[in-house]
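Below: one structure, written as structure tokens.
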Amino acid sequence: MGKDNHTNSLGNDGIYQYFGAGVQLVSGMVFYVVLAHIFDTSKVGLIALFIAIIGLFNIIFSFGIGSSAQHFVSFSIGMGDNRYRKGIIYKVVLLSSLFALVGSACLLLLSPVISMVFLHSTKDVNLVRFLSIILFGYILFFGLNGIILGIQNFKTAAFSNVIMWGLFYATPIFLTFFSRTIFIIVIGWLVGTYTGLFFESFFIIKHIHGITDVKGEFSTNELLTYSLPLLFSGIVSYGSLYADRFIVSGVLSISELGVYNFALLLASSINFLSIPFNNLLMPKFSELYGKKKRNNIASNVRSSITLLSFVYVPAAFGMAILSPLILQLLGGYNYIYGSLPLSIMMITSAFFVSSNVMGQAIASIRRTFFFLYSGMIALAVNVAISLLLIPKFGLIGASIGFSSVSASSFFTFLYFSIREKIVLFDIMGLVKIWLASSIMSMCIYLIEFFSGRNSLLIPVYISSGLLIYVIITKLLQPFSNSEKLLISS
């Protein structure tokens with residue numbers, strides 16, 4: 001990777017991002033585990049549906065501003081233009097606030113319709129209305145977080161996520177000691193969202209005051225040209241990711257949706273391994289683009305794919321092997337039904353995890369309209385497969401539909417990345433990682449089988465698998481010298 005790859009900073013930046021993502025993962029896991037023991041599966045499904053509603057409105061009304069902020073702020077750093085950067089920050093804050101206000105108003109007005117469509121009654125319409133207050137802070141939080149990531153202050157970005165997500169999940173748990181109602185959960189989300197927003201606002205105000213240059217002009221059209229494809233692709237991608245869930249809620253029972261959502265939670269928990277890569281790579285690639293060093297992006301993509309696969313593939317394999325025990329331990333016997341769907345999602349995601357890196361490279365060169373094509377294909381494939389398989393195979397069909405999203409996204413991104421000449425693969429390194437992960441999985445299965453499949457021994461299974469994986473990769477040496485340099489940093 002060379003000087004432009006920021007290897008000295010990537011090590012520390014990666015630690016901060018993994019810390020932030022780790023807190024979000026652990027707090028989210030604890031949140032749903034506690035819910036599974038406090039509420040029945042129907043109420044867990046309702047809480048999951050509320051989070052899905054917030055997520056959908058955030059995607060629609062954020063207009064992709066957070067990603068735009070990451071790109072243009074980092075691009076200005078690459079150009080060395082502080083006036084341009086200051087103008088971008090002002091514009092992003094203004095537009096994020098405006099979009100947050102519009103989104104909250106729309107959710108408030110549409111709450112009766114949403115209640116009837118998804119909850120089949122207006123009994124909880126006031127709870128849906130209350131979500132509009134959370135949505136305002138939610139949209140603004142991610143807009144400001146995009147600015148902080150664009151500045152490449154990954155430490156502050158990580159801690160803002162720690163504050164927001166830690167309180168977002170911990171506050172409801174604390175409040176359930178006083179009142180075990182859905183409303184108290186929503187109040188907890190409110191506390192977490194606005195505390196994180198306050199922290200980010202303080203940092204950005206301080207950063208702006210530190211830029212002595214006069215604010216430069218930044219075109220709203222330039223920002224929207226970049227972000228609008230992300231908006232439409234985000235809506236389509238959200239549909240592709242949630243199509244199986246909405247079909248499950250319509251075809252199967254709300255209890256099965258609760259079980260499926262719990263399996264999806266565990267599947268998504270592995271994503272904490274890739275999210276830090278996404279947060280780091282978009283600003284880094286955008287800075288290279290700003291320095292007019294686009295040719296360096298492909299070599300960075302190659303190394304990043306190998307590194308991401310090194311940490312993600314064995315984790316996904318381990319989750320697949322241990323899925324029945326993990327679901328039993330965290331959710332109870334009612335959730336073991338989701339073990340096979342979880343295994344299907346884990347193995348499939350391991351095959352196509354490199355699409356995360358290719359997506360960041362595509363966004364960094366301003367080809368955001370590619371995301372719309374990818375999202376439309378993923379949505380069509382997921383809806384078709386889910387409608388075909390869920391009525392017949394239940395949650396297994398849903399997991400196949402969900403997995404089709406990562407598969408279709410991978411092949412779409414691969415096509416565009418090759419066309420733009422921004423991707424390379426270390427095939428031999430990836431083969432070694434997959435071989436090591438497969439051997440590790442077989443060893444875990446044997447240890448689990450001969451120990452009687454005891455859920456209390458999960459830490460032993462995980463630590464044994466990790467040790468075996470480290471030994472095998474040490475022997476196989478899947479990394480080139482440049483990738484070893486990045487790890488050692």
Heavy-atom pair with the smallest gap, counting every atom of [X] and [Y]:
X      : Y      : value
Phe285 : Val357 : CE1-O, 4.2 Å
Val301 : Ile422 : CG2-O, 3.3 Å
Leu342 : Ala267 : CD1-N, 3.6 Å
Ser323 : Ala320 : OG-O, 3.1 Å
Ser417 : Val423 : CB-CG1, 3.5 Å
Lys91  : Leu223 : CG-CD2, 4.1 Å

Nearest 0.5 Å please: distance from the [atom1] atom of [X] over to the [atom2] atom of [Y].
X      : Y      : atom1 : atom2 : answer
Ile396 : Leu389 : CD1   : CG    : 10.0 Å
His71  : Ser286 : NE2   : OG    : 5.0 Å
Ile462 : Ile444 : CD1   : CD1   : 8.0 Å
Leu140 : Leu197 : CG    : CG    : 4.5 Å
Phe402 : Leu395 : CZ    : CG    : 13.5 Å
Ile433 : Tyr312 : CD1   : OH    : 14.0 Å

Under 3.5 Å, is there a donor-acceptor pair between the side chain of [X] and the main chain of [Y]?
X      : Y      : result
Ser76  : Val73  : yes
Tyr194 : Gly137 : yes
Ser74  : Gly150 : yes
Tyr226 : Ala363 : yes
Ser227 : Phe63  : yes
Ser104 : Ser132 : yes
Ser67  : Gly64  : no

Show, in sequence, the C-alpha distance, side-chain angles and deciding distance for Asn356 and Leu281, and conclude whether the side chain to side chain contact (heavy atoms under 4.5 Å, CB included) test is met. CA-CA 10 Å; Asn356 287 274; Leu281 295 178; over 6 Å; no
Dump the intermediate steps for side chain to side chain contact (heavy atoms under 4.5 Å, CB included) on Val381 and Val405, then the final yes or no. CA-CA 7 Å; Val381 172; Val405 174; over 6 Å; no
Test log, rule side chain to side chain contact (heavy atoms under 4.5 Å, CB included), inputs Trp434 and Phe317: CA-CA 10 Å; Trp434 273 82; Phe317 272 46; 3.2 Å; yes
Answer with yes or no after comparing the ring centroid distance for Phe416 and Phe371 against a 6.0 Å cut-off, counting only values under it.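 No, too far apart.
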Tell me if the centroids of the rings in Phe142 and Tyr138 come within less than 6.0 Å of each other. yes
Do the side chains of [Y] and [X] get nearer than 4.5 Å, heavy atoms only?
X      : Y      : value
Leu288 : Arg294 : no
Ser96  : Leu144 : no
Leu131 : Phe50  : yes
Ile185 : Leu35  : yes
Leu266 : Tyr32  : no
Thr193 : Ile133 : no
Leu190 : Val186 : no
Lys432 : Thr473 : no

Any residue meeting ring-ring contact (aromatic ring centres under 6.0 Å, His included) with Phe352, in chain and number order, not counting sequence neighbours: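 For Phe352 the ring-ring contact (aromatic ring centres under 6.0 Å, His included) partners, ignoring immediate neighbours, are Phe410, Phe411.
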Using only heavy-atom distances, determine whether the side chains of Ser406 and Ser349 contain a donor-acceptor pair under 3.5 Å. no
Going by atom types alone, do Gln24 and Asn161 pair a side-chain donor with an acceptor below 3.5 Å? no
Can you name the one residue among Gln70, Glu287, Arg366 that meets side-chain contact (heavy atoms from CB on, under 4.5 Å) with Phe75? Arg366
In terms of ring plane angle, is the pair Phe57 and Phe61 parallel, tilted or perpendicular, where the classes change at 30° and 60°? parallel
Is the number of heavy atoms from other residues, nucleotides or ligands within 6.0 Å of OH (Tyr373) greater than 12? no
Within a 6.0 Å radius of atom CZ on Phe425, are there more than 12 heavy atoms belonging to other residues, nucleotides or ligands? yes
Is there a ring pair (Phe, Tyr, Trp, His ring centres under 6.0 Å) between Tyr469 and Phe310 once you walk through the steps? CA-CA 10 Å; Tyr469 181 71; Phe310 177 75; 5.4 Å; yes
Do Leu107 and Ile53 pass the side chain to side chain contact (heavy atoms under 4.5 Å, CB included) test, and can you show the C-alpha distance, the side-chain angles, and the key distance before you say yes or no? CA-CA 9 Å; Leu107 178 55; Ile53 290 169; 4.1 Å; yes
Residues which pass side chain to side chain donor-acceptor pair (under 3.5 Å) with Asn58, listed by chain and number, not counting sequence neighbours: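 Result, side chain to side chain donor-acceptor pair (under 3.5 Å) vs Asn58: none returned.
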Derivation of the side-chain hydrogen bond (donor to acceptor under 3.5 Å, both in side chains) call for Asn300 and Ser304: CA-CA 6 Å; Asn300 281 260; Ser304 299; 5.7 Å; no
